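Working notes, beginning with the structure itself.
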Amino acid sequence: MANLLVTSLLLLVNSLIIKWFFPQTTLVISIITFPLLALFLYLLFHSLFSSSSKTTLLPPSPSSIPILGNWHQVGNDLNHRLLASMSHTYGPVFLLKLGSKNLVVVSDPELATQVLHTQGVEFGSRPRNVVFDVFTGNGQDMVFTVYGDHWRKMRRIMTLPFFTNKVVNHYSEMWEEEMELVVDDLKRERSRGVVVRKRLQLMLYNIMYRMMFDQKFESVEDPLFIQATRLNSERSKLAQSFEYNYGDFIPLLRPFLRGYLNKCRDLQRTRLAFFNNHYVQQRRKMMAANGEKHKISCAIDHIIEAEMKGEISEENVLYIVENINVAAIETTLWSMEWAIAELVNHPQVQHKIRQEITNVLKGNPITESNLQELPYLQATLKETLRLHTPIPLLVPHMNLQEAKLGGFTIPKESKVVVNAWWLANNPKWWKNPQEFRPERFLEEECSTEAVAGGKVDFRYVPFGVGRRSCPGIILALPILGVVIGKLVSNFEMTTPPGMEKIDVSGKEGQFSLHIANHSTVVFNPILA
Ligand code: HEM
């Protein structure tokens, strides 16, 4: 009814305007201009109407215009720094209208507690966009699926083979073996500097593929390694890009994304076929051949078993493999790259870690089980994740129903991001946050943990907290600790000759913050 009234009013206004300004206007021109003008005015009225009645309830927001919302003001690159600077103007929770979508930004520890913990169920879903629909088969995975039975089942099935202390104990020797191979390779590499990323990437792929499939890659030249890294990196580029936002924010423009989405579909098909043909099918054949006698020896055996019991589908199995490829490898690799770059720029930190290892371990090798005895090394890792939070806005959350936050109404199906980087880098809460200073976690921040059972400090949530928090923390922290400990105790890491500092500037994607230029580092062996 209201719409009818507004439309009739518009009709009247439109003919008056056209007659007033263009008395000689022909009927044809009137007919052509009318729908456009009417649509524009309707949207203008509609947005003024709705904002005036709801401003008291919705979180603060820059004034928006029809169709685009705030998109024209904020642009595509909605990174953690831009959103942190906007929080100065709009407060600890604010709303951006991006075309037809709502983005709610949370920049305060109290409100982060609400989203991640107190109202963890209400905000425990995930938004997807047109591209993520393709890459997750409309949510057949775990990371990007809505909060509900499917997510609960997938998380339970993935926990047993990936995310328990038993898994860590079982695999830690294998991790150490893969890390020793890196140390040996770097010792042979008598050069004026290496881009260590590639070698560490091979190590992480081997760690994860041995855990998943009991298989590894021979070298960085192994054709399967080249294929796996190429397919995963193309997937990352297509998913992380801001290029497709227009089709996501404005449904009318979606037809123009057809080419982009076809590219995503082709890649996804090839990628899932790669995981299936080279890895999953081989395990299936082995399981079938062994029959009753088959001994479960890697994660995918557990997952296939869950499929055979009818708990999940064949597609779900592949999406678990896809999730591990995406969530586990690059995040841990980015953290290693940041840590190494900061250690090169802070030789005194390297020196202190080395001394701690010598004093505590007295010549014994660093292992997962003795990491707890090395608080300064632990503090260095925490400081790396604080200053260079690899997923600075966490993975976006979503409220399936309308919800309340900080006294405001959050419209249903809003994308809700917690600015974890800003929580950990806001000078209001941290002393000189821009400084890389591991000592802070032994001095003024000595009780701050990445997660602390029960009591959580919501200023420091690099892995999230609560239902949708990162289950991989149980693997990521020890892997990071042992590899950095081994590198520091075996090498003095320096810049190449003539270079004073490593460039630690970052590059953001939709979900990531990684070092912009992969560092070239000289690894000078420390003679025993
Ligand atoms: C330094 C390395 C890592 C960082 C910084 C990291 C960070 C995160 C963050 C911030 C989230 C989202 C939390 C939220 O939305 O509240 C997440 C989710 C997730 N991570 Fe990690 N992660 C890392 C390593 C890993 C590893 C090694 C694995 C697996 C082996 C993993 C598996 C996952 C999964 C499956 C989820 C989705 C959880 C869900 O939606 O229920 N991550 N991670």
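Indexing begins at 1, ligand by ligand and atom by atom, following the structure's order. Residue indices begin at 1 and follow the sequence shown. These numbers come from a predicted model, not from an experiment.
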Practice problem: Dump the intermediate steps for salt bridge (charged side-chain N to carboxylate O under 4.0 Å, His left out) on Arg467 and Glu122, then the final yes or no. | Solution: CA-CA 11 Å; Arg467 286 168 180 74; Glu122 289 82 344; over 6 Å; no

Quiz prompt | salt bridge (charged side-chain N to carboxylate O under 4.0 Å, His left out) between Glu178 and Arg210, worked out | solution = CA-CA 10 Å; Glu178 289 296 331; Arg210 284 179 78 174; 2.6 Å; yes

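A perpendicular orientation is assigned to the rings of Trp421 and His80, their planes being inclined by more than 60° (bins at 30° and 60°). By the 30° and 60° cut-offs, the orientation of the rings of Phe217 relative to Tyr205 is perpendicular.
For a threshold of 3.5 Å applied to N or O pairs, the pair formed by Ser335 and ligand 1 contains no separation below that value.
Remark: ligand 1 atoms within the under-4.0 Å shell around heavy atoms of Val143 are 35 (C), 37 (C), 40 (O). Contact atoms of ligand 1 toward Leu475: 30 (C) (distance under 4.0 Å to a heavy atom of the residue). Distances below 4.0 Å separate heavy atoms of Met142 from the following atoms of ligand 1: 35 (C), 38 (C), 39 (C), 41 (O). Below 4.0 Å from some heavy atom of Ser469 lie the following atoms of ligand 1, by number and element: 13 (C), 38 (C).
Counting heavy atoms closer than 4.0 Å to ligand 1, residue Pro462 contributes backbone atoms (N, CA, C, O) but none from C-beta onward. For Phe163, every heavy-atom contact with ligand 1 shorter than 4.0 Å involves the side chain, none the backbone. Neither the backbone nor the side chain of Pro396 comes within contact range of ligand 1; no heavy atom lies under 4.0 Å.
Applying the side chain to side chain donor-acceptor pair (under 3.5 Å) criterion to Tyr90, with sequence neighbours excluded, gives no partner residue.
The shortest contact between atom 13 (C) of ligand 1 and any protein heavy atom is with Arg468 O, 3.2 Å. Ranking the protein heavy atoms by distance from atom 11 (C) of ligand 1 puts Val395 CG2, 3.9 Å first. The nearest protein atom to atom 16 (O) of ligand 1, hydrogens excluded, is given as His397 NE2, 2.9 Å; this is a heavy-atom distance.
Considering each of Met158, Met211, Arg155, the one bringing a non-hydrogen atom nearest atom 38 (C) of ligand 1 is Arg155.
Under a 4.0 Å heavy-atom criterion, Trp334 is not in contact with ligand 1. Taking a 4.0 Å cut-off on heavy atoms, Thr332 registers as neighbouring ligand 1. Under a 4.0 angstrom heavy-atom cut-off, Trp151 registers as being in contact with ligand 1.
Atom CG of Asn277 has more than 12 neighbouring heavy atoms from other residues, nucleotides or ligands inside a 6.0 Å radius. Crowding of His150 atom NE2: a count of heavy atoms from other residues, nucleotides or ligands under 6.0 Å exceeding 12. The environment of Lys507 atom NZ is sparse: at most 12 non-hydrogen atoms of other residues, nucleotides or ligands sit within 6.0 angstrom.
Taking the six-membered ring where the residue is Trp, the centroids of Tyr460 and Phe441 are separated by under 6.0 Å. Less than 6.0 angstrom separates the ring centroid of Phe213 from the ring centroid of Tyr209.
Looking at Arg156 and Glu311, a side-chain N of the basic residue comes within less than 4.0 Å of a carboxylate O on the acidic one, giving a salt bridge.
Protein contacts to atom 21 (Fe) of ligand 1 involving N, O or S atoms at a distance below 2.8 Å are Cys470 SG.
Annotation: ring-ring contact (aromatic ring centres under 6.0 Å, His included) contacts involving residues 377-405, sequence neighbours excluded, comprise Trp338-His388. Sorted by first and then second residue, the side chain to side chain donor-acceptor pair (under 3.5 Å) pairs with a member in residues 163-176 form an empty list; sequence neighbours excluded.
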